[in-house]
S.K.: 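This is the structure, below, for whatever I ask next.
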Protein chains: 2
Amino acid sequence: MTMDVHARDLRYFVAVAEELHFTRAAERLYVSQPALSKQIRALERQLGAELFRRDRHGVALTGAGEALLPHARRVLAAWEAGAAAVEAAKAAERSTLVVGMSTSPGRGGLLPAIRSRFTAAHPETTVRLRQMSWDDPTAGLADGTVDVAFVWLPLPDEERYAWTVVAEEPRLLALPEAHPLAARPEIDFADLLDEPFLALPKSAGRLRDHWLALDARPGRPPRIGAEISGAEETYEALVAGLGVCLVAEGNAPLITRGGVTTRRVRGIGPSRYALAWRSEDGHRPLVRAYAQACRETV
Amino acid sequence: MTMDVHARDLRYFVAVAEELHFTRAAERLYVSQPALSKQIRALERQLGAELFRRDRHGVALTGAGEALLPHARRVLAAWEAGAAAVEAAKAAERSTLVVGMSTSPGRGGLLPAIRSRFTAAHPETTVRLRQMSWDDPTAGLADGTVDVAFVWLPLPDEERYAWTVVAEEPRLLALPEAHPLAARPEIDFADLLDEPFLALPKSAGRLRDHWLALDARPGRPPRIGAEISGAEETYEALVAGLGVCLVAEGNAPLITRGGVTTRRVRGIGPSRYALAWRSEDGHRPLVRAYAQACRETV
DNA sequence: CTCGGTGATAACCAACGGCTATGACCATGG
DNA sequence: CCATGGTCATAGCCGTTGGTTATCACCGAG
């Protein structure tokens, strides 16, 4: 049953306590004198105590007013500090660029190169890298976790995003070394139609379809061997023989370790890797600069 | 241009930050969920910063929210302390009785006797004595400085006050020992009509008239030798020969020092000394108890 | 005795803060 | 696969609040 208070009322109270004069306090506060009087009376009513004694000789603090004054100042100071903290947080946010990615972009020091180029142009800005789960095909753009992101096209809701393509790479087939098809140097996609595939989570939407090469399958739906949402998981699934999967050439090194290999595939198109951002952020200087640095690097 | 805030909004913010759940926070705060949502959004708009991130996975604090939270708690704590301080001041006031007087009541330890009797009945209460200037005939009752007061009747605005008579004393004439009239053991007031008198300040109103014995003067206005507003001042004015004045028998000792003496006067009535209080305070236990103690002592 | 200056009051009006009802979205389970 | 229950957001409504201007009652000073 604790009574709330408006900071404004405390400001008013402190002003009157300092001036000991309603009219002067009112003009210092840029309000009319009646408004000030009314608010002070309201505060007094709320507290159930007279704060000022008004008589012929002027305005004076009562005992209760005397008691309240230092606390009122403290409240105001605390709030000012709070507002300042929020302001600082906003500034920090403004000068921080969060870069999302699903797996490491790798590709021969691409990231450090962009970063150094970017930092040259914006030395005050700190760049934070953030690895996002595979079940978000936008790598954090969608929920605002991230300002820019390295993603695989296509994106869902394409009109909400803009991007610049970083690389166009053929899709290889990743499969266990022990797999019969691993004997061939190159594989026809038609031979894979009955093969169980590892798939991205449902939530990946169009991207899931892309890595299943849905457009290269005549009507028949793919068989799903397992769902994967990370590089380690993919490797383990491959070794376990749960299925095969397509993988971008640039990502091949991430999973071609003991027991897993990759082969070229005929009959499917390449994949495009891109740096993307939300369309509404297209004007933000940091976002533009990072995209610029990215284009210059590629 | 610092923005004010309502403590309620901070309470709401803290609740949501603790629950990370609008609906639960809302019911903890005994408001509807839309009201809570709206207030939080208003706070965010006011600060120009998102405080919470709402997405499918629930509600989470943003950087700005994280920054604000401790300050918000501080503000609330400071306000709570302030409200408590006011409460304490009220309690202190309730248990303090301020007794006003113009000059010391004296009269053979009257004050200590009342005090000890009163304190016996109300050991928790502290009694504060306050000497008031002579230009307020109510000794502080009028402007609320004082709860009860020893005053000389009559009071202005009689219906606003109640009192119990402490003493009824003849009025003596105080005059310099060197004054011709000082030779007589007793003086007729008729012989004083042309004598310059020391008078209370104008603001004393009816009381000023009383000590000039206006009702014993047939039409002719008194000559005013000087205005006095304290015992010392009166003594000095008498010694300086600025005039003579009436004084209650009980107060005679205050000014009959070297060079000043008093004489009985024929033709004027006595004065009544009383303990008075504001009529509206007639029900206050402390006031009643003090009046009671006073009556028992007299 | 008027006059300038005090704080309080009245009447009015826009904005705020609460409510209920409803919507959009998502996870869950028959 | 749809229905359901739960999330938070939105819409529309209404009493209260906080501001305004105009005015009053009061007092001290010239």
Side-chain angles (χ1 to χ4, degrees), chain A residues 3-13 15-17 19-46 50-62 65 135-136 142-144 156-157 160 201-205 221, chain B residues 3-13 15-17 19-46 50-62 65 135-136 142-144 156-157 160 201-205 227:
Chain A
M3 277 289 189
D4 282 324
V5 75
H6 198 117
R8 179 196 40 242
D9 293 352
L10 296 182
R11 254 190 328 117
Y12 287 6
F13 165 68
V16 175
E19 299 282 351
L20 291 178
H21 194 290
F22 278 75
T23 307
R24 267 201 300 280
E27 59 195 39
R28 202 180 91 182
L29 293 166
Y30 301 108
V31 295
S32 68
Q33 169 265 316
L36 178 58
S37 278
K38 190 153 74 162
Q39 287 309 100
I40 294 289
R41 294 212 93 88
L43 183 60
E44 290 179 324
R45 201 177 112 265
Q46 174 183 5
E50 254 193 329
L51 296 173
F52 297 101
R53 170 129 321 179
R54 301 95 152 149
D55 59 15
R56 16 228 134 277
H57 311 64
V59 177
L61 275 170
T62 63
D135 52 16
D136 176 9
D143 61 8
D157 267 340
R160 294 190 49 208
K202 283 273 185 63
S203 57
Chain B
M3 276 291 187
D4 283 325
V5 75
H6 198 118
R8 179 197 39 242
D9 294 352
L10 295 182
R11 252 189 329 117
Y12 287 6
F13 166 68
V16 175
E19 298 282 350
L20 291 179
H21 196 290
F22 278 75
T23 307
R24 267 199 301 280
E27 59 196 39
R28 202 179 90 181
L29 294 165
Y30 301 107
V31 295
S32 69
Q33 168 267 316
L36 178 58
S37 279
K38 190 152 75 163
Q39 288 308 100
I40 294 289
R41 295 211 92 87
L43 183 59
E44 290 178 322
R45 201 177 111 266
Q46 173 184 5
E50 255 194 327
L51 295 174
F52 297 102
R53 170 127 323 181
R54 302 92 153 149
D55 59 14
R56 16 229 133 278
H57 309 67
V59 176
L61 275 170
T62 64
D135 52 14
D136 177 8
D143 62 7
D157 267 341
R160 295 191 48 209
K202 282 272 187 60
S203 57
E227 292 203 344

S.K.: Rounded at 0.5 Å granularity, tell me how far CD in B:E50 sits from CZ in B:R41.
M.R.: 7.5 Å
S.K.: Whole angstroms only, please: what is the CZ-P distance between A:R45 and C:dA8?
M.R.: 15 Å
S.K.: Taking A:Q33 for the side chain and A:T23 for the main chain, is one N or O donor matched with an acceptor at less than 3.5 Å?
M.R.: no
S.K.: Is any side-chain heavy atom of B:Y12 less than 4.5 Å from a side-chain heavy atom of B:L43?
M.R.: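 A side-chain contact is absent here, since even the closest heavy-atom pair is not under 4.5 Å.
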S.K.: Any side-chain N or O of B:Y12 less than 4.0 Å from the OP1 or OP2 oxygen of C:dG18?
M.R.: yes
S.K.: Verify, without hydrogens or angle tests, whether A:E44 (side chain) and A:L51 (backbone) share a donor-acceptor contact under 3.5 angstrom.
M.R.: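 Yes; at least one donor-acceptor contact below 3.5 Å.
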S.K.: Rounded to whole angstrom units, what separation is found between the CG atom of B:L43 and the P atom of C:dG18?
M.R.: 13 Å
S.K.: Expressed in angstrom and rounded to an integer, what is the separation of A:L36 atom CG from D:dT21 atom C1'?
M.R.: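 Rounding to the nearest Å, CG of A:L36 and C1' of D:dT21 are 16 Å apart.
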S.K.: To the nearest angstrom, how far is A:D9 atom CG from D:dT17 atom P?
M.R.: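 Interatomic distance, CG of A:D9 to P of D:dT17: 12 Å.
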S.K.: Taking protein heavy atoms under 4.0 Å as touching, what does nucleotides 25-30 of chain D look like 5' to 3' if B marks base contact, S marks sugar-phosphate-only contact and - marks none?
M.R.: ------
S.K.: Mind calculating the distance between CG (B:D4) and C1' (C:dC16) to the nearest angstrom?
M.R.: 15 Å
S.K.: Starting at NE2 of A:H6 and ending at C1' of D:dT16, how long is that distance when rounded to a whole Å?
M.R.: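 For the pair A:H6 NE2 and D:dT16 C1', the rounded distance is 15 Å.
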S.K.: In terms of relative ring orientation, are A:F52 and A:F22 parallel, tilted or perpendicular, with 30° and 60° separating the classes?
M.R.: perpendicular
S.K.: Please determine whether a side-chain nitrogen or oxygen atom of B:S32 lies at a distance below 4.0 Å from atom OP1 or OP2 of C:dC19.
M.R.: yes
S.K.: Which pair of heavy atoms, one from B:L29 and one from B:R11, lies closest together, and at what distance?
M.R.: CD2-NH1, 4.0 Å
S.K.: Minimum heavy-atom separation for A:L20 to A:L61, with atom names?
M.R.: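 Looking at all heavy atoms of both residues, the shortest contact is CD2-N, 4.2 Å.
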S.K.: Could you write nucleotides 1-13 of chain D as a row of B, S and -, 5' to 3', where a protein heavy atom under 4.0 Å of any base atom gives B, of only sugar-phosphate atoms gives S, and otherwise -?
M.R.: ------SBBB---
S.K.: Which pairs with one or both residues in residues 22-40 of chain B pass salt bridge (charged side-chain N to carboxylate O under 4.0 Å, His left out), sequence neighbours excluded?
M.R.: B:E18-B:R28, B:E19-B:R24, B:E19-B:R28
S.K.: Measure the distance from CD on B:Q39 to P on C:dC16 and round it to the nearest whole Å.
M.R.: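 From B:Q39 CD to C:dC16 P: 10 Å.
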S.K.: Whole Å only: how far is the CG atom of A:L51 from the P atom of C:dG7?
M.R.: 16 Å
S.K.: If you measure from OG1 on A:T62 to CZ on A:R53, what distance do you get to the nearest 0.5 Å?
M.R.: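 So the OG1 of A:T62 and the CZ of A:R53 are separated by 7.0 Å.
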